[in-house]
Number of protein chains: 2
Amino acid sequence: MMRAVDIIRKKRNGEELSREEIDRMVGGIASGDVADYQWSALLMAIVWKGMTAGETAGLTEAMMNSGLVVDLGAIPGPKIDKHSTGGVGDKTSLILAPIVAAAGVSVPMVSGRGLGHTGGTLDKLESIPGFRTDLDLHAYKDVLRRCGLVMIGQTAEIAPADKFLYALRDATATVESIPLIAASIMSKKLAEGIDGLVLDVKTGGGAFMERFRDARRLAETMCAIGRSMGKRVVALITRMDEPLGRAVGNAVEVAESVQCLRGKGPLDLMEVTLELAAEMIVMGERARTIDEARGLCRRLIADGRALERFRRMIEAQGGDPRVVDDPTLLPAPRRRIDVTSSRTGIIGRLAARQIGHATMLLGAGRARVDSTIDPAVGIFLHKKAGDHVTQGEALCTLLVNDESSLAEVTTLVARAYSLADDELTVAEQVLERLGS
Amino acid sequence: MMRAVDIIRKKRNGEELSREEIDRMVGGIASGDVADYQWSALLMAIVWKGMTAGETAGLTEAMMNSGLVVDLGAIPGPKIDKHSTGGVGDKTSLILAPIVAAAGVSVPMVSGRGLGHTGGTLDKLESIPGFRTDLDLHAYKDVLRRCGLVMIGQTAEIAPADKFLYALRDATATVESIPLIAASIMSKKLAEGIDGLVLDVKTGGGAFMERFRDARRLAETMCAIGRSMGKRVVALITRMDEPLGRAVGNAVEVAESVQCLRGKGPLDLMEVTLELAAEMIVMGERARTIDEARGLCRRLIADGRALERFRRMIEAQGGDPRVVDDPTLLPAPRRRIDVTSSRTGIIGRLAARQIGHATMLLGAGRARVDSTIDPAVGIFLHKKAGDHVTQGEALCTLLVNDESSLAEVTTLVARAYSLADDELTVAEQVLERLGS
């Protein structure tokens, strides 16, 4: 019997772990043979020494196999999911899944919650009265079959080893490791029973991977895992310097998503959303080229079929589908407070991280995993980089219930904006594409 | 409140921890605020990033203060201890403590048990019928006052944080870290209430620190800790390539220790023992120079006063003092089996590690912390490096009860010996002296 301590020592010494050794460590979580304090030491050794492509694929597979691997074989057609590494104002899932489903590609989505300055798809969806994200796997398949899309949270059956390791990493400062991040994401996604995956790896001041080269390495690592497991994976590296779109929060982001599905979305948000959607549609073989897929997306928005899918999913998951037509049915804050500009000029920079942090302080996000969130609050951005502003004009509106951190929030938001010296050129949202 | 995860992150990033942060982590062991899995991640980060002298001293002090710091103020005269980093056949404590006590320096010794190929003072002492090493602190002080020396095991009151961390390091491959080793040793020793400490840091094939430069760094680190805490500390770096003396085991080492106290000890063993004893006597101001102290030691052996102290301690700790005069009262093995030389020549090398490992396999040592040991078994070495041997002559005698690993032991022992091409010059035992 291989001893955990010897496997830890091997990694500490910088040697490559065998598939058997990785299986032993992951298997030891469920059996109790490997203690959490041994795993955390191994995690720190991995942060230090890294993992080879083979080790990373092995860890992903072991974590995936620690639970149920969903079989979606009974559902006809291609099943493609999208995953984002997290950003501020990132509601792309809510918009693209209905579009892609309307194009004939099923989208089985297992999403996460927001943490720190980033938001989460589940929190946003739960701002819709009645909407349930805690479906069991039977209901999950049923909604997917009926609507072509479904959005739930991670269930206990899927990749329990990942759940264990994620909590441990969070408590031991071992989150920041590209192989561990990649294995965590991919183990859950590949357990969903999908045929392919489009990744949105964000980079910039508001992203988890602030530096482009880290985002690129993470994207490459995840593509390599997909390849080694015979799944098609494409990654887009996209900009997360300022928030995507104008709404940051939960209900307010649902409302903006509906606007997008009505063809009235902000340019930056629509650019990222349509690129990702087009990749999913091409991967699902419902278009031959990205251009063709992009055109299809625009038609599905224009003729209302995408919005119809969104409405259908909301209803299937217990939510009130009337929010699509009447956003006043969504939770609303008690107060709306404008933050105004002290100068006249052009916005040069709107820092996503500070806006995300301010939104969290208002109650829309979580400081800790067990924090509760307020679906009604958030920030609506009237001005973004490149916009003209005059002195006294509103930069943004704070959507407020609890006023206890208002002073701090106002200061953060004011600092998030800075004026430019010159006119700005609009930056491309997609920086690079990787994968097959 | 500082969060453990932030402190771990700081060390992971290679920053220096403050005294407050170290106190928080060590304090969190007893309070339960810091989980064992957080400590093991921090330990791995320390193995990776190291610790400054200030951090190491801080950790030592926090670990020392996690339990009782013994007050020996009521016992008159200097209190000096010795600590060895562990070797094979290392029974120097048993010999030097009675000598130093006879010289008027009290020796309050808290010792350890053997593990792996190395032996432990407590195991050796417990081969004396009736001898108890589990005295409480009251009895500890009482024996010290009456005999001038006492030898016990680590009690639950002394440095409990070290006990916790040691067990954790053992299970997480984080033992090999010089600051952690130094802090572990020093926290226990400085909690004994001593005025000064003489360290025997062993290096060579049979030592924990095989490389001289690691032994030197460990010695320097421990001396620096002593300085920062206002204690006199001297370290001798000594050779551990072959076993010290001729006896390796438990009862057999007690018998050899008695021979040494009768002035009939092997040269290598007596050289190390007297150097260490002389340092303790000078530190305790019972001699002005090492030469003078060495002379005093020889007189205390010659006139029987050192042996008398040994006899007195055995009696005070519940043991049968007659073993000093009649070694047949010590546990004896069922069989004595010679391992003979297949060639004629000069012994060039006798590998301590293999002899230690063979002794462990015979039952005299521990493969794991919870193994039980057989006091009667071991190995008696007739030939050591530099000795002439003729074909068929006994190299050593195995003292055997359980014959199940006899084949493996014989092979190991035969391989531990190798013949030299030329006459050897006798090597010095003490390689370097550090400290005040």
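Each chain gets a letter, A, B and so on, in the order its sequence line appears, and its residues count up from 1. What you see is a predicted model, and the numbers here were worked out from it, not measured in a lab.
- The nearest pair of heavy atoms linking A:Ile8 to B:Ala173 is CG2-CB, 3.9 Å.
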Show me the donor-acceptor pairs under 3.5 Å between chain A and chain B.
from	atom 1	to	atom 2	distance (Å)
A:Arg12	NH1	B:Ala173	O	2.9
A:Arg12	NH1	B:Glu176	OE1	2.8
A:Tyr37	O	B:Ser40	OG	2.6
A:Gln38	NE2	B:Ala171	O	2.8
A:Ser40	OG	B:Tyr37	O	2.6
A:Ser40	OG	B:Ser40	OG	2.5
A:Ala171	O	B:Gln38	NE2	2.8
A:Ala173	O	B:Arg12	NH1	2.9
A:Glu176	OE1	B:Arg12	NH1	2.8

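- The choice from A:Leu42, A:Val175, A:Val47, A:Leu43 that makes the most heavy-atom pairs within less than 4.5 Å of chain B is A:Val47.
- For chain A, the nearby parts of B:Ala45 are the backbone and the side chain; heavy atoms of each come within less than 4.5 Å.
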